[in-house]
Structure formats: C-alpha cells, structure tokens
Number of protein chains: 2
Amino acid sequence: MQVQEGRDKFIQAWGTLGSSWGINRTMAQIHALLLISHVAMSTEEIMESLGISRGNVNMNVRSLMDWGIVHKELRPGDRKEYFYAEKDIYITAMKIMRQRRKRELEPLIDIMTQLKQVKPDETKEGLALTKAVHDIDHFAQQADTLLNAMEKMSSNWFTQQFLTLLKKIKPI
Amino acid sequence: MQVQEGRDKFIQAWGTLGSSWGINRTMAQIHALLLISHVAMSTEEIMESLGISRGNVNMNVRSLMDWGIVHKELRPGDRKEYFYAEKDIYITAMKIMRQRRKRELEPLIDIMTQLKQVKPDETKEGLALTKAVHDIDHFAQQADTLLNAMEKMSSNWFTQQFLTLLKKIKPI
DNA sequence: CTACACTTTCAATAACTTCTGAATGGTTTT
DNA sequence: AAAACCATTCAGAAGTTATTGAAAGTGTAG
C-alpha cells in the first residue's frame with residue numbers, strides 16, 4: 001500500500017470508528033487528518049482536504065479543542081488560525097476517556113443520588129427498586145474512582161508501570 | 001419520593017443515559033423496566049408499560065438477550081415468552097463492556113493491522129502516518145489485553161464466590 | 001386441516017443528528 | 001471609512017437511526 005492510499009484509508013477508518021466511539025464522523029475525520037499531518041493546518045486547508053463546509057470545520061475543531069486533543073497555533077503576521085493534534089496517543093486516549101466519564105458516568109451518579117431519596121417501602125416493587133439503585137450507585141462510584149485515578153496518572157506511568165501491572169495480572 | 005414516581009424516573013433516566021452508553025433509548029428503557037421488576041414480563045406487558053409497539057419490543061429484547069443481560073423464561077402450559085434482567089450489576093456491566101470492546105476496539109485493531117501494510121517511505125507525511133498507525137495499534141492492543149484481563153478476573157471472581165457458596169451448602 | 005396464539009420481519013415513516021451556506025461580527029489593512 | 005479577511009452562528013436541508021404497524025412465519029391444539 002502506498003502512503004497516499006494509506007492516509008485516505010486512515011482518515012476514512014478513523015471517521016467510521018469515531019461513530020462507535022461517540023465522536024461524530026466529521027470530528028473524527030478532522031482529528032485523523034491532523035494526527036497524520038506534520039504541520040498545523042488552517043480552516044481552509046481542512047475544508048479543502050475533507051470537502052466539507054466552513055461552519056462544519058469550525059464547530060468540530062472547536063469541539064476537538066474543548067476535548068483537549070487539538071490545539072491552536074497562531075503565526076505572527078498571519079490572521080488565520082492553524083490547528084494541530086496532540087500526537088501522544090495515550091494522552092489523547094486519556095482525554096477521550098475523560099469526556100466519556102463526564103458524559104456517561106456523571107449523569108448516572110447524579111440520578112442515582114436523586115433516586116436514593118425514594119422512600120423505601122416493603123412492597124416487592126419498592127425493594128427491587130431500592131436494591132437496583134443502591135447497586136448501580138455503588139458500581140458507578142467505583143468506576144468513577146477508578147477512572148479518576150487513571151486520569152491523574154501520567155502517560156509515563158502508562159507506558160511503564162501499567163505494562164508491568166498487566167503482566168502481573170494476566171496469568172490468572 | 002414515592003416508589004411509583006421513583007420507578008418512572010428510573011426508567012426515564014436509564015433510557016436517557018443509554019444513549020450516551022451506546023445503547024438505544026428503548027433498549028435501555030426495557031432493560032430498566034426488567035431490572036426493577038421482581039417478576040419476568042411478557043412482550044404484552046412491556047408494550048403496555050412503555051407504550052411502544054410489538055415490533056420494537058421484540059427487536060430490543062432480542063438485542064438485550066444477545067448481550068446476555070436479559071433472559072427468557074418459559075412457563076409450562078403458556079406459549080408466551082417472559083423476560084427478566086440479570087440482576088447482578090457487575091455481571092451486567094461486564095457484559096456491556098464486552099459488547100463495547102467488540103464494537104469499538106476490535107474494528108480499530110483490524111484496521112490498524114491493515115494499515116501496517118503501508119510501505120513506509122521517507123517523506124514527512126509517510127513517517128507521520130507510520131508513527132500514528134504504530135502508536136494507535138500499540139495502544140489498542142494494550143487496551144484489549146486490559147479489558148480481556150478484567151473480564152477473566154471477574155468471571156474468576158464470580159466462580160470463586162459460587163464455589164464458596166457451594167461448599168457451604170454441601171461440604172465436599 | 002384450520003384456527004389460533006404468538007413471534008419475527010420489513011417497508012414506510014417519524015424522530016433525531018449533522019451539515020451547509022449565507023448572514024453576522026469582530027479585527028486589521030489600505 | 002471602506003475594504004478585506006477571517007471566525008462564528010444558525011435556520012433550514014440532508015442524512016441517519018429508531019419506530020411502527022401490518023404482513024409473514026411458526027408451532028400447537030382441536
């Protein structure tokens with residue numbers, strides 16, 4: 001496979017996968033494009049490369065920056081903004097995880113907190129509800145703690161300690 | 001808050017959260033309904049409770065069974081099928097994780113494997129692509145190993161609990 | 001064999017999400 | 001002060017995904 005073909009395939013694939021990762025297709029394609037570009041790109045260049053509108057680029061680039069996986073670069077004497085992707089894949093993965101925790105886990109915890117207010121009664125229905133709420137809340141708290149801990153650790157920890165840990169737990 | 005209000009809120013909330021968990025709203029609502037029901041429910045009852053069509057219940061119940069978080073119960077002398085949810089939240093979470101690994105990680109690994117075939121050249125573009133593919137592939141492999149390990153550990157944990165219980169009932 | 005009680009499938013459509021392109025707004029150059 | 005340049009917003013268009021309801025399929029009992 002040649003490089004140009006590979007690049008196209010990469011962008012295409014990252015875009016498709018994006019959907020199943022909860023990132024929309026265009027956002028993922030822009031991210032892919034920037035990931036494999038060795039220079040920062042302007043809005044125009046992104047529009048051109050992917051054949052999408054200015055508004056679309058603008059919105060999605062902004063989301064990518066919110067997530068902290070794409071950054072802006074300003075060049076002296078140039079009013080355009082240039083964008084480049086975080087190149088460390090572990091940091092990138094961490095930031096994506098962080099967003100997902102926000103979107104998936106936090107609302108869950110909030111709602112369970114509310115539902116713990118349900119006045120327990122002794123009907124079977126009441127007990128089933130109370131148990132479900134309790135279990136889910138407990139689980140969500142644990143997952144949250146775990147993800148928080150992982151986030152605090154550096155990509156350094158990841159590359160070194162994490163592998164060691166994996167080797168230890170693997171042969172169960 | 002009263003029990004009935006709590007139940008409605010629970011179903012509503014689980015449905016909303018489902019979307020951000022990659023489960024569709026109805027599928028999640030059916031799951032919620034079964035989670036807090038102390039008895040197995042028929043298609044009719046689910047339709048009625050959630051106000052949705054027969055086809056919709058059928059499709060989503062089938063998906064839930066594919067995921068292994070809802071099961072079917074047959075009653076002698078009754079041709080209807082009754083459905084109930086896995087009540088252990090850890091097992092449920094594990095099964096959901098497993099589906100997500102399938103949908104999110106496996107395609108990623110497949111595509112990176114393909115892209116590793118790109119003939120590396122010495123242009124900056126070529127090198128950036130090669131590096132990105134390498135890094136992502138490495139990361140995906142690690143994540144896959146980790147999730148597999150977790151899955152194994154939990155079933156292990158589960159088996160152990162089960163064995164302990166067995167010993168208590170009938171000492172070998 | 002026929003009626004019945006259910007489950008499954010599927011084409012049409014409804015609901016939701018993403019994208020466009022034109023309008024708006026702010027800043028710098030002429 | 002006007003023109004040029006670029007970012008941002010947003011209402012409607014396009015595209016995608018979920019839902020319905022009716023038809024087809026399956027198995028059982030009379």
Side-chain angles (χ1 to χ4, degrees), chain A residues 11-12 14-34 40-67 70-84 99-100 103-104, chain B residues 11-12 14-34 40-67 70-84 99-100 103-104:
Chain A
I11 292 170
Q12 181 54 42
W14 204 243
T16 309
L17 287 170
S19 329
S20 59
W21 274 80
I23 297 171
N24 86 42
R25 217 175 51 117
T26 308
M27 187 169 158
Q29 284 183 342
I30 295 174
H31 184 233
L33 181 67
L34 296 176
M41 295 177 76
S42 68
T43 302
E44 301 279 344
E45 288 167 331
I46 297 171
M47 285 169 64
E48 166 103 356
S49 300
L50 300 178
I52 57 181
S53 75
R54 178 176 300 281
N56 200 1
V57 171
N58 187 278
M59 288 192 65
N60 284 297
V61 156
R62 231 128 293 275
S63 300
L64 287 165
M65 289 196 299
D66 281 352
W67 285 38
V70 160
H71 308 283
K72 188 191 297 195
E73 176 184 298
L74 293 173
R75 298 184 186 164
D78 189 344
R79 272 204 269 147
K80 279 203 195 88
E81 296 178 336
Y82 293 83
F83 305 99
Y84 62 97
Q99 290 298 324
R100 292 181 74 160
R103 272 200 297 155
E104 298 174 2
Chain B
I11 291 170
Q12 180 55 42
W14 203 243
T16 309
L17 287 171
S19 330
S20 58
W21 274 82
I23 297 170
N24 86 43
R25 216 175 52 119
T26 307
M27 187 169 158
Q29 285 184 343
I30 295 175
H31 184 234
L33 181 66
L34 295 177
M41 296 178 77
S42 68
T43 303
E44 300 280 345
E45 288 167 333
I46 297 171
M47 284 168 63
E48 167 102 353
S49 300
L50 300 178
I52 58 181
S53 74
R54 179 175 298 281
N56 200 0
V57 170
N58 188 277
M59 287 191 66
N60 285 299
V61 156
R62 232 128 292 274
S63 300
L64 287 164
M65 289 197 298
D66 281 351
W67 285 38
V70 160
H71 308 282
K72 188 192 294 194
E73 176 183 299
L74 292 173
R75 298 184 186 163
D78 189 345
R79 274 206 266 148
K80 280 204 194 87
E81 297 178 335
Y82 293 83
F83 304 99
Y84 63 97
Q99 291 297 325
R100 293 181 73 159
R103 273 200 296 154
E104 298 174 1

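Reminder, nothing fancy here: chain letters follow the sequence lines and each chain counts from 1.
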Find every protein N or O atom lying less than 3.5 Å from an N or O atom of nucleotides 23-26 of chain C, and list the pairs.
none

Check your understanding: Looking for any heavy atom pair under 4.0 Å, which part of the strands does A:N24 touch: base, sugar-phosphate only, or nothing?
Key -> sugar-phosphate
Point to revise | Distance in Å, A:I11 CD1 paired with A:I30 CD1, rounded so as to fall on 0.5 Å steps | key: 10.5 Å
Review point. About how many Å separate CZ of A:R103 and CH2 of B:W21, when rounded to the nearest 0.5 Å?
Key: 12.0 Å
Practice item. Using atom OH of A:Y82 as one end and atom C1' of D:dC5 as the other, report the distance to the nearest whole Å. Key: 12 Å
**Study point:** Proximal nucleotide (of D:dA7, D:dT19, C:dC6) relative to the B:K80 side chain
**Key:** C:dC6
Point to revise | Minimum side-chain heavy-atom gap A:M41-A:M47 below 4.5 Å | key: no
**Study point:** Nearest-0.5 Å distance, CD1 of residue A:I46 to CG of residue A:L33
**Key:** 6.5 Å
Check your understanding: Any donor and acceptor pair, going by atom type alone, linking the side chain of A:S20 with main-chain N or O of A:T16 inside 3.5 Å?
Key -> no
Check your understanding: Between C:dT18 atom C1' and A:I52 atom CD1, what is the distance in whole Å?
Key -> 11 Å
Practice item. Give a yes/no answer on whether the side chain of B:N56 brings an N or O atom under 4.0 Å of OP1 or OP2 in D:dT20. Key: yes
Review point. So, is B:N58 near the phosphate of C:dT8, with a side-chain N or O under 4.0 Å from OP1 or OP2?
Key: yes
Review point. side-chain contact (heavy atoms from CB on, under 4.5 Å) between B:T43 and B:R54: does it pass, once the steps are laid out?
Key: CA-CA 7 Å; B:T43 303; B:R54 179 175 298 281; 4.1 Å; yes
**Study point:** Listed nucleotide nearest any side-chain atom of A:S53, set C:dT20, C:dT8, D:dG21
**Key:** C:dT20
Practice item. Write down the distance between CZ (B:F83) and C1' (C:dT8), rounded to a whole number of angstrom. Key: 12 Å
Practice item. Could you grab the distance from atom CZ of B:F83 to atom CG of B:L64, nearest 0.5 Å is fine? Key: 10.0 Å
Review point. Taking everything shown except A:M59 itself, do over 12 heavy atoms lie less than 6.0 Å from its CE?
Key: no
Check your understanding: Taking CD1 from A:I23 and P from C:dC19, how many angstroms apart are they, rounded to a whole number?
Key -> 13 Å
Exercise for review: Enter the distance from B:R25:CZ to B:I52:CD1 here, rounded to the nearest 0.5 Å.
Suggested key: 9.5 Å
Check your understanding: In whole angstrom, what separates B:R75's CZ from C:dC6's P?
Key -> 13 Å
Point to revise | For atom CZ of A:R25 and atom P of C:dC19, their distance in whole Å | key: 7 Å
Study note, to complete from the structure: The correct set of residues in residues 41-49 of chain B placing a heavy atom under 4.0 Å from DNA chain C is B:T43
Review point. For B:E73, does the CD atom sit with more than 12 other heavy atoms under 6.0 Å from it, leaving out its own atoms?
Key: yes
Study note, to complete from the structure: Out of D:dT8, C:dT20, D:dT19, minimum distance to the side chain of B:N60 belongs to D:dT19
Check your understanding: Starting at the 5' end of DNA chain D, which residue's closest nucleotide do you reach first, B:G51 or A:D78?
Key -> A:D78
Review point. CZ of A:R62 versus P of D:dT9: gap in Å, rounded?
Key: 8 Å
Review point. Separation of B:L50 atom CG from D:dT19 atom P, in whole Å?
Key: 11 Å
